[in-house]
Amino acid sequence: RIAEVHAVEILDSRARPTLAVVLRTPQGLKVRAGVPSGASTGRREAVELRDGDPDRYGGKGVSRAVAAVNGEIADALTGREFDSFREVDDALRELDGTEDKSRLGANALVGVSMAAARAEALLGDRELWEHLAAVAGARPRLPVPHFNVVNGGAHADNPLDFQEFMVAPLGAPSMAEAVRAGAEVYAALRGRLAGLGEPLGLGDEGGFAPTVTLEQPEEVLELLVGAIGDAGYEAGRGGVALALDPAASGFAADGGGYTVAGESLTSDQLIDRYEEMVDRFPVWSIEDGLGEDDREGWTRLTARLGGRVQLVGDDVFVTNPGIIAEAVQAKIGTAALIKVNQVGTVSETLDAVRVCREAGYAQMVSHRSGETEDAFIADLAVGTGCGQIKAGAPARGERAAKYARLLEVADARPGLEYGWVRAR
Ligand code: PGA
Ligand code: ZN
């Protein structure tokens with residue numbers, strides 16, 4: 001039962017408004033959730049409600065979403081009996097009444113949904129990850145962290161077109177050693193960038209945002225292999241591997257094709273380029289290698305490289321169970337990125353995970369570029385047992401909070417296995 005649900009307009013890690021939701025139960029329990037927000041969003045994501053009032057936060061205020069929680073949603077939920085957070089989610093969806101959650105806002109809905117899941121776990125005297133595992137019927141597992149150490153694209157004001165360059169300690173023996181590897185590679189990378197005379201400013205996800213000497217993605221990959229070696233690790237799947245999120249919708253050209261470092265490429269030329277990167281560097285995963293509208297390209301990319309690297313769909317799948325099911329039919333990708341606010345409720349997020357599992361698609365739980373200190377996704381990654389998470393650099397509080405939560409869980413449950421899982 002819900003005694004009270006209340007939202008406040010707070011700031012995210014980019015100084016843009018988002019929601020904090022507080023939920024109370026009659027037993028005196030109080031839980032909180034912070035709502036994440038993306039910058040390079042897929043077109044078919046559930047709709048984040050922004051005020052559009054240019055006099056407040058340049059139009060980015062969320063006072064309407066806050067009012068939806070404190071008005072309509074509170075009226076509908078308060079005092080009502082729910083057997084599970086899924087029932088709360090169903091009630092939220094019904095109340096909103098739109099396919100894309102645009103009336104009350106996916107940001108309003110997801111905050112309430114996250115808080116409801118958390119309250120239910122506490123009422124059952126379970127950790128959130130334990131509860132999510134029970135609900136999802138999954139075997140919990142500590143995920144391989146994908147540390148985003150170089151930022152470009154929509155997350156940094158620099159010449160790099162690719163959005164994210166990540167290091168993934170696939171070969172680490174434990175969660176604690178994986179986090180140590182991430183931090184040590186980050187420190188080594190900082191040294192290399194300083195040596196190049198690069199400014200050491202950070203992008204939105206806490207990775208470095210070099211502006212001077214690096215333009216081509218291959219140059220960054222080479223630098224990362226060097227930094228991994230400097231830190232004393234093996235660059236590769238047995239040690240620290242590389243992962244990319246080019247977020248290719250961000251550099252798709254208007255009439256089709258792509259522009260990378262000023263050069264025009266067709267889909268097939270970009271696929272060739274990825275193949276060369278996979279030949280030359282220990283890249284194990286590529287997310288959004290092509291744009292969300294380039295579905296034929298995606299099918300060709302999957303046929304060409306799907307057997308060699310993981311191909312993750314983010315903007316193309318938007319954590320939507322129905323869209324993922326369609327993509328499986330079209331043989332697009334081999335894995336899905338999982339973001340709660342992309343679909344708008346926790347139970348639909350778990351549905352997306354289930355669709356992936358049934359189709360033999362891997363899953364990577366993900367933060368957004370705009371974050372709060374809420375570490376919900378750490379529990380989600382452990383609870384779904386998907387074996388992979390990306391939560392940005394091992395730096396900046398809102399990113400480090402996720403890794404801290406994973407370390408806490410690992411410490412409390414030494415029996416939990418660490419590592420990625422082959423989906424099929
Ligand atoms: P976003 O980027 O949170 O800005 O959408 C993250 C991603 O593309 O994976
Ligand atoms: Zn992405």
Side-chain angles (χ1 to χ4, degrees), residues 12-16 18 34-48 50 60 106-107 110 143 145-158 160-166 168 202-207 209 217 242-252 258 274 283 285-294 298 301 309-320 323-324 327 332-344 349 352 362-372 374 376-377 380-381 386 388-393 396 398-399 402:
D12 72 11
S13 55
R14 257 192 301 246
R16 288 188 193 153
T18 187
V35 175
S37 169
S40 70
T41 51
R43 241 184 323 96
R44 297 205 274 177
E45 290 193 22
V47 174
E48 181 178 72
R50 298 266 175 201
K60 295 203 181 300
N107 43 352
V110 82
H146 289 63
F147 298 102
N148 182 7
V149 293
V150 173
N151 294 181
H155 296 163
D157 187 13
N158 65 5
L160 293 172
D161 293 304
F162 282 22
Q163 182 176 280
E164 301 172 22
F165 296 85
M166 293 171 273
L202 305 180
D204 287 352
E205 297 190 346
L242 303 178
L244 289 171
D245 179 7
S249 299
F251 54 87
Y258 300 87
Y274 290 134
V283 172
S285 178
I286 302 174
E287 176 186 329
D288 283 356
L290 296 174
E292 60 184 304
D293 296 319
D294 189 357
W298 260 102
L301 169 68
V309 288
Q310 169 173 274
L311 297 171
V312 187
D314 171 14
D315 290 350
V316 265
F317 294 169
V318 294
T319 316
N320 183 308
I323 296 175
I324 296 172
I332 287 178
T334 64
L337 204 71
I338 302 293
K339 292 167 165 170
V340 280
N341 80 320
Q342 234 172 9
V343 65
T349 305
Q363 310 108 54
M364 186 190 291
V365 167
S366 172
H367 65 157
R368 299 306 304 247
S369 49
E371 269 292 338
T372 74
D374 189 334
F376 190 97
I377 59 162
L380 180 66
C386 68
Q388 302 181 48
I389 189 171
K390 68 167 195 177
R396 296 182 37 153
E398 77 283 1
R399 316 292 150 185
K402 279 62 167 176

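In listed order, ligands and their atoms are each counted from 1. Sequence positions, counted from 1, serve as the residue numbers for this chain. In this text the structure is predicted, and so the values were computed from the model without any measurement.
Side chain of Ser249 to main chain of Glu292: a donor-acceptor pair is present (N/O by atom type, distance under 3.5 Å, no hydrogens or angles). With hydrogens and angles ignored, the 3.5 Å screen pairs no side-chain donor or acceptor of Asn341 with any backbone N or O of Gly344. Using a distance-only test at 3.5 Å, with no hydrogens or angles considered, a donor-acceptor pair links the side chain of Lys402 to the main chain of Asp374. Between the side chain of Thr319 and the main chain of Thr349, no donor-acceptor pair closer than 3.5 Å is present. Of the possible polar contacts, one joining the Trp298 side chain to the Leu290 backbone as a donor-acceptor pair under 3.5 Å is found.
The distance from ligand 1 to the heavy atoms of Asp314 drops below 4.0 Å at these ligand atoms: 7 (C), 8 (O), 9 (O). Every atom of ligand 1 is numbered from 1 in the order shown, and the set under 4.0 Å from a heavy atom of Ser40 is 1 (P), 2 (O), 4 (O), 5 (O), 8 (O). Close approach of ligand 1 to Lys390 (heavy-atom distance below 4.0 Å) involves ligand atoms 7 (C), 9 (O). For ligand 1 and Leu337, the ligand atoms under 4.0 Å from any heavy atom of the residue are 9 (O). Close approach of ligand 1 to Gly38 (heavy-atom distance below 4.0 Å) involves ligand atoms 1 (P), 3 (O), 4 (O), 5 (O).
Looking at Arg368 and Glu45, a side-chain N of the basic residue comes within less than 4.0 Å of a carboxylate O on the acidic one, giving a salt bridge. A salt bridge does not link Lys390 to Glu205: none of the charged nitrogens lies less than 4.0 Å from a carboxylate oxygen.
Nearest heavy-atom pair, Gly203 versus Ala156, reported as atom, atom and distance to 0.1 Å: CA-CB, 4.5 Å.
In terms of polar-atom proximity, defined here as any N/O pair under 3.5 Å, Lys339 does make such a contact with ligand 1. Ligand 1 has no nitrogen or oxygen under 3.5 angstrom from a nitrogen or oxygen of Arg14. Looking at ligand 1, you won't find any N or O of Ser366 less than 3.5 Å from one of its N or O atoms. Looking at ligand 1, you'll find an N or O of Ala39 within less than 3.5 Å of one of its N or O atoms.
Using a 4.0 Å cutoff on heavy atoms, Asp204 does not count as a contact of ligand 1. In this structure, Glu164 is part of the shell of residues with a heavy atom less than 4.0 angstrom from ligand 1.
Between the Zn ion (ligand 2) and the N, O or S atoms of Asp314, the shortest distance is to OD2. When distances from the Zn ion (ligand 2) to the N, O or S atoms of Asp245 are compared, OD2 comes out shortest. Distances from the Zn ion (ligand 2) to each N, O or S atom of Glu287 single out OE2 as the nearest.
The side-chain hydrogen bond (donor to acceptor under 3.5 Å, both in side chains) test with Ser37 is passed by exactly one of Arg16, Arg50, Arg14: Arg50.
Within the coordination shell of the Zn ion (ligand 2), defined by N, O or S atoms under 2.8 Å, Glu164 is absent.
Proximity of Asp245 to ligand 1, defined as any heavy-atom pair under 4.0 Å, is confined to the side chain (atoms from C-beta onward). Proximity of Asp315 to ligand 1, defined as any heavy-atom pair under 4.0 Å, is not found for any part of the residue.
Side chain to side chain, Asp314 and Gln342 meet the donor-acceptor criterion of an N or O pair below 3.5 Å.
Closest to atom 8 (O) of ligand 1 by heavy atom, among Gln163, Glu371, His155, Glu45, is Gln163. For atom 5 (O) of ligand 1, the nearest non-hydrogen atom from the set His367, Met364, Arg368 comes from Arg368.
Inter-residue side-chain proximity for Gln310 and Met364 is flagged as met; some heavy-atom pair is nearer than 4.5 Å.
Ring geometry for Tyr258 against Phe251 counts as perpendicular: the plane angle is over 60°, on a 0 to 90° scale with 30° as the lower cut.
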